[in-house]
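Sequence positions, counted from 1, serve as the residue numbers for this chain. Owing to the predicted nature of the structure, the values given are computational and were not obtained by experimental measurement. Each ligand, and each atom within it, is numbered from 1 in the order the structure gives.
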Amino acid sequence: MDTVDLRSDTVTQPTPEMRRAMAGAAVGDDVFGEDPTINRLQAMAAERMGKEAGLFVASGTMGNLIAVLTHCGRGDEAILGNRAHTFLYEAGGVAALGGVHPHPLPNQPDGTLRIEDVVEAIRSEDVHFPHSRLICLENTHNRCGGVALTAAYTDSIGAVARERGLMLHIDGARIFNAAAARGVPAERLVRSADSVCFCLSKALCAPVGSVLCGSQAFIAQARRIRKQVGGGMRQAGILAAAGIIALEAMIDRLPEDHLNARRLAAGLRQIEGLVLDDGTPFTNMVFFELKPEVPVDARQTAEQLAAKGVKVQATGPRRFRCVLHYWVDADGVDRAVAGFREVLGAVH
Ligand code: TLP
């Protein structure tokens, strides 16, 4: 029996086409800039993002870290959401490795930061204060339900950044999901950003890698920082080859994942004992909770589901996140719904 793995879109395996491309990839020493497959991927990524240049990096975490360290010096301040992946789940890297001072603002349920909060957070020139250098947004916003920010909102933050002399970085780990949800090209969603990092290894199914994009000057400096953090990967064209397939073949199908997310939500909504978050799903993620009267917790439920071949992530004592992706089809969704029904039916 195949497992239905809904824990994340990071669990996606490379497609057969990716494996073939990887096996045949032309490679070279990328620290010398000589890997033709990486160079091609970086050029394709930059074009998709409407930026001058791209840099292949090992992970989304590394891309965000390099972006922040490129924009900010030690003691500088980065304004970001209190639910941002960079703030919550990147092991404090920007502070630990860059001496960058995170300034978290409350993320609104729709993934935004209030413009007034951002304006107020920007420091004036005063010997007591760090220099405000950077604003970070996340699109789609993982901890805010996978919601997609609009181009208009991002532009309004970009305008504040420009006016006050700050940079804008977008953690676009799932920017193509955001583009599918908003019905615009990804380039439009990041137009007013100075840098964006998107992931090849999530819904796009590549085994490894993200691409950081920005101006030529930004990427030249980012390349140095990538070397500092040990991210010069030599013949990594083997990996970039899968990334090229990800860009060519995996973006246009993302609406299928969003449809399957809606199918899952519709099924779960019928189950006594579960309550779904308002509005979920916005893209490929479904968030929901166990009702207070259910006598098992999320971890126990996840364990019982796993025994039935359905893997879900307990993101809190009574909370779950399910993420749809290429390797879960409508049948997989129905199996997951049936699994929840059996497990929760059995405990009533
Ligand atoms: N997110 C993972 C976990 O780390 C939570 C997931 O399963 O969703 N930005 C965003 C918005 C992300 O969701 C993630 C990964 C990253 C960055 C980091 O990417 P990687 O895992 O490639 O370092």
Side-chain angles (χ1 to χ4, degrees), residues 5-14 45 55-69 78 80-94 96-97 102 104 107 110-113 136-149 154 169-179 181 186 189-190 193 195-213 226 229-231 233 236 239-240 242-243 246 254 257 261 280-287 302 311-316 319-328:
D5 195 342
L6 294 163
R7 289 170 302 165
S8 181
D9 46 13
T10 60
V11 304
T12 46
Q13 302 263 326
L55 186 69
F56 185 53
V57 295
S59 65
T61 301
M62 183 185 273
N64 289 330
L65 175 67
I66 293 173
V68 176
L69 269 54
L80 78 185
N82 63 352
R83 295 172 155 222
H85 194 276
T86 301
F87 185 60
L88 291 177
Y89 302 125
E90 294 177 11
V94 301
L97 304 175
N107 267 123
D110 65 357
T112 61
L113 306 174
C136 300
L137 296 176
E138 186 175 313
N139 200 8
T140 63
H141 201 293
N142 188 342
R143 271 294 302 274
C144 292
V147 68
L149 304 180
T154 306
H169 172 68
I170 297 182
D171 174 356
R174 298 182 179 84
I175 197 70
F176 295 110
N177 293 88
L189 293 176
V190 303
S195 57
V196 54
C197 181
F198 72 86
C199 294
L200 300 159
S201 62
K202 299 195 168 60
L204 303 186
C205 285
V208 178
S210 297
V211 189
L212 177 61
C213 297
R226 185 184 68 173
V229 298
M233 291 191 288
L239 303 172
L254 291 175
D257 298 341
T280 197
F282 299 101
T283 51
N284 66 333
M285 297 180 179
V286 184
F287 285 83
K311 292 187 180 176
V312 300
Q313 200 180 43
T315 55
R319 231 175 127 64
F320 303 93
R321 181 190 72 163
C322 286
V323 187
L324 280 296
H325 54 76
Y326 179 77
W327 295 105
V328 179

Practice problem: Give a yes/no verdict on whether any heavy atom in His141 is under 4.0 Å from an atom of ligand 1. | Solution: no

Self-check item: ligand 1 contact by Met62, heavy-atom criterion under 4.0 angstrom
Solution: no

Practice problem: May I ask you to list the atoms of ligand 1 that are less than 4.0 angstrom from any heavy atom of Glu90? | Solution: 17 (C)

Exercise. Below 4.0 angstrom from a heavy atom of Glu138, which ligand 1 atoms are there? Numbered from 1 as shown, please.
Key: 11 (C)

Exercise. Decide whether Asp257 and Asn177 meet the rule of one side-chain donor and one side-chain acceptor closer than 3.5 Å.
Key: no

Heavy-atom check, side chain of [X] versus side chain of [Y], under 4.5 Å:
{"X": "Val229", "Y": "Met62", "answer": "yes"}
{"X": "Arg321", "Y": "Val286", "answer": "no"}
{"X": "His169", "Y": "Asn64", "answer": "yes"}
{"X": "Val323", "Y": "Leu6", "answer": "no"}

Practice problem: Looking only at non-hydrogen atoms, find the nearest pair between Cys199 and Ser210 and report the distance. | Solution: SG-OG, 3.3 Å

Heavy atoms only: which of [options] lies closest to [atom]?
{"atom": "atom 13 (O) of ligand 1", "options": "Arg174, Gln313, Met285", "value": "Arg174"}
{"atom": "atom 19 (O) of ligand 1", "options": "Lys202, Arg7, His85", "value": "Lys202"}
{"atom": "atom 10 (C) of ligand 1", "options": "Asn142, Asp171, Leu200", "value": "Asp171"}

Self-check item: ligand 1-proximal atoms of Ser59, by part, heavy-atom distance under 4.0 Å
Solution: both

Does [X] reach ligand 1 with a nitrogen or oxygen that is under 3.5 Å from one of the ligand's nitrogen or oxygen atoms?
{"X": "Gly60", "value": "yes"}
{"X": "Arg321", "value": "yes"}
{"X": "Thr61", "value": "yes"}
{"X": "Ser8", "value": "yes"}

Practice problem: Would you please indicate yes or no on a ring centroid separation below 6.0 angstrom for Phe198 and Phe176? | Solution: yes

Quiz item: Just how far is it from atom CD of Glu138 to atom CZ of Phe87, taken to the nearest 0.5 Å?
Solution: 12.5 Å

